[in-house]
Participant: 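The following block contains the structure, expressed as structure tokens.
Ligands are counted one by one from 1 in listed order, and the atoms in each one are counted from 1 as well. The basis for the numbers below is simple: all heavy atoms, side chains too, and nothing from hydrogens, waters or symmetry mates.
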Amino acid sequence: MRLTVARVTDVSKSYRLGATTVPALRHVSLDVAAAELVALSGPSGSGKSTLLHMIGCLDQPDAGEVWLSERSTSALSSRALAGLRLEHLGFVFQTFNLVPTLTAFENVEYPLLLAGTPAKESRDRVASVLTRVGLSAKMHRRPDELSGGERQRVAIARALVNRPALVLADEPTANLDSVTSDGVLDLVHELRDQYDVAFLVASHDPRVLARMDRVVTVRDGQIVDDRPVHAARSYAVAGRA
Ligand SMILES: Nc1ncnc2c1ncn2[C@@H]1O[C@H](COP(=O)(O)OP(=O)(O)OP(=O)(O)O)[C@@H](O)[C@H]1O
Ligand SMILES: [Mg+2]
């Protein structure tokens, strides 16, 4: 049986906005299996980013539980949780969070240094993943010497270099041209095939949706649809009342 790399059970989350409370997620449950490619789709404001934040343990749910690689995160100390996140998760979020004083190469190398990967292997992996995202000629530039799309590609390379069990990505192809997007999606498939990396990707991009295994649709903070991608394609066009 395949390992479940992420599980949320009955998760609810609200944000406080002055005197009001905005419900962002309502009783959401979801499983992502090892090597599974899952898209999160749904209208703006439906709760996709909030769900990714809950699974990434960047924020805590008001109710319900988040499991990573079959361990409940609520039972872990903050140190154990930091270790689990480092080892198991890769993040590609809209604010790329690159370290401004480090070059592209050094930014991508950083998680490998933290994980104690041997230097030679580390250098080879960093160069290889940066080449795959089309940045071989610019790997020694700092983030402020790169365009927005190039910074996004550095963030993608950094999320993948550790070969985590699960990559959480929020609109990862939003600033990329179609050739680069296809290259990133090829790399996603390769990592899945070779290393069983699973991906949970919030995206509106039809190119992304078409190459996932499964599309989960979120609306008003709830999962309203969850189906294999071939059936989901016509659904995405048809919409839902
Ligand atoms: N920090 C916050 N404070 C208050 N409300 C928030 C906050 N973050 C999100 N929300 C609200 O929670 C709901 C879900 O937001 P979320 O960012 O998860 O949506 P989304 O599906 O990612 O949308 P998009 O496609 O536009 O990125 C929305 O109503 C949003 O306005
Ligand atoms: Mg969002």
Side-chain angles (χ1 to χ4, degrees), residues 6-32 36-68 73-74 85 89-98 148-149 151-156 158-160 166-176 178 181 184-185 188 198-227 229 232-233 235-241:
R7 162 171 293 168
V8 299
T9 51
D10 209 17
V11 159
S12 295
K13 176 73 182 176
S14 296
Y15 293 106
R16 245 169 217 293
L17 210 58
T20 56
T21 314
V22 183
L25 291 176
R26 296 185 286 153
H27 304 287
V28 168
S29 296
L30 178 71
D31 277 14
V32 179
E36 199 176 20
L37 307 182
V38 182
L40 272 184
S41 100
S44 178
S46 56
K48 304 179 297 293
S49 296
T50 305
L51 183 54
L52 290 176
H53 280 84
M54 296 295 117
I55 296 174
C57 303
L58 299 167
D59 201 354
Q60 283 201 328
D62 300 330
E65 220 168 344
V66 176
W67 303 68
L68 292 176
T73 57
S74 57
R85 290 179 59 218
L89 297 179
F91 294 93
V92 187
F93 281 177
Q94 276 155 329
T95 53
F96 311 130
N97 297 322
L98 299 176
R151 274 179 237 164
Q152 184 160 18
R153 283 185 272 158
V154 176
I156 291 169
R158 184 186 52 187
L160 301 181
L166 173 66
V167 174
L168 301 170
D170 206 346
E171 304 283 356
T173 60
N175 301 311
L176 305 184
S178 60
S181 294
V184 167
L185 286 163
V188 162
F199 289 79
L200 181 61
V201 183
S203 182
H204 300 284
D205 183 347
R207 266 170 208 283
V208 173
L209 300 188
R211 292 192 63 186
M212 297 290 115
D213 299 326
R214 189 177 149 203
V215 174
V216 172
T217 306
V218 185
R219 192 176 294 255
D220 294 333
Q222 290 184 304
I223 291 176
V224 295
D225 200 66
D226 184 344
R227 61 177 76 192
V229 91
R233 230 181 283 172
Y235 167 79
V237 173
R240 184 180 162 119

Participant: Just so I know, are the side chains of D59 and Y15 near enough to count as touching, which here means a heavy-atom distance under 4.5 Å?
Facilitator: yes
Participant: How about V92 and F199: do any of their side-chain heavy atoms sit closer than 4.5 Å?
Facilitator: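 No, side chains not in contact.
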Participant: Is there a side-chain hydrogen bond (donor to acceptor under 3.5 Å, both in side chains) between Q222 and H27 once you walk through the steps?
Facilitator: CA-CA 7 Å; Q222 290 184 304; H27 304 287; over 6 Å; no
Participant: Which value, rounded to the nearest 0.5 Å, describes the distance between L51 atom CG and L40 atom CG?
Facilitator: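 Result: 5.5 Å between the selected atoms.
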Participant: Distance below 2.8 Å from the Mg ion (ligand 2): how many protein N/O/S atoms qualify?
Facilitator: 1
Participant: Do the side chain of Q152 and the main chain of P172 share a donor and acceptor less than 3.5 angstrom apart?
Facilitator: yes
Participant: For ligand 1, what are the residues with a heavy-atom contact below 4.0 Å?
Facilitator: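 The answer is Y15, L17, V22, A24, P43, S44, G45, S46, G47, K48, S49, T50, H204, counting any residue whose heavy atom sits under 4.0 Å from ligand 1.
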Participant: So which atom in A6 and which in L68 form the shortest heavy-atom distance, rounded to 0.1 Å?
Facilitator: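 Shortest heavy-atom contact: CB-CD2, 4.3 Å.
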Participant: Before giving the answer on salt bridge (Lys or Arg N to Asp or Glu O under 4.0 Å), spell out for D170 and K48 the whole-Å C-alpha distance, their side-chain angles and the decisive distance to 0.1 Å.
Facilitator: CA-CA 8 Å; D170 206 346; K48 304 179 297 293; over 6 Å; no
Participant: May I ask you to check whether over 12 heavy atoms, not counting those of R7, lie within 6.0 Å of atom CZ?
Facilitator: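 Open: at most 12 neighbouring heavy atoms sit under 6.0 Å from CZ of R7.
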Participant: So do V188 and V167 actually touch side chain to side chain, heavy atoms under 4.5 Å?
Facilitator: no
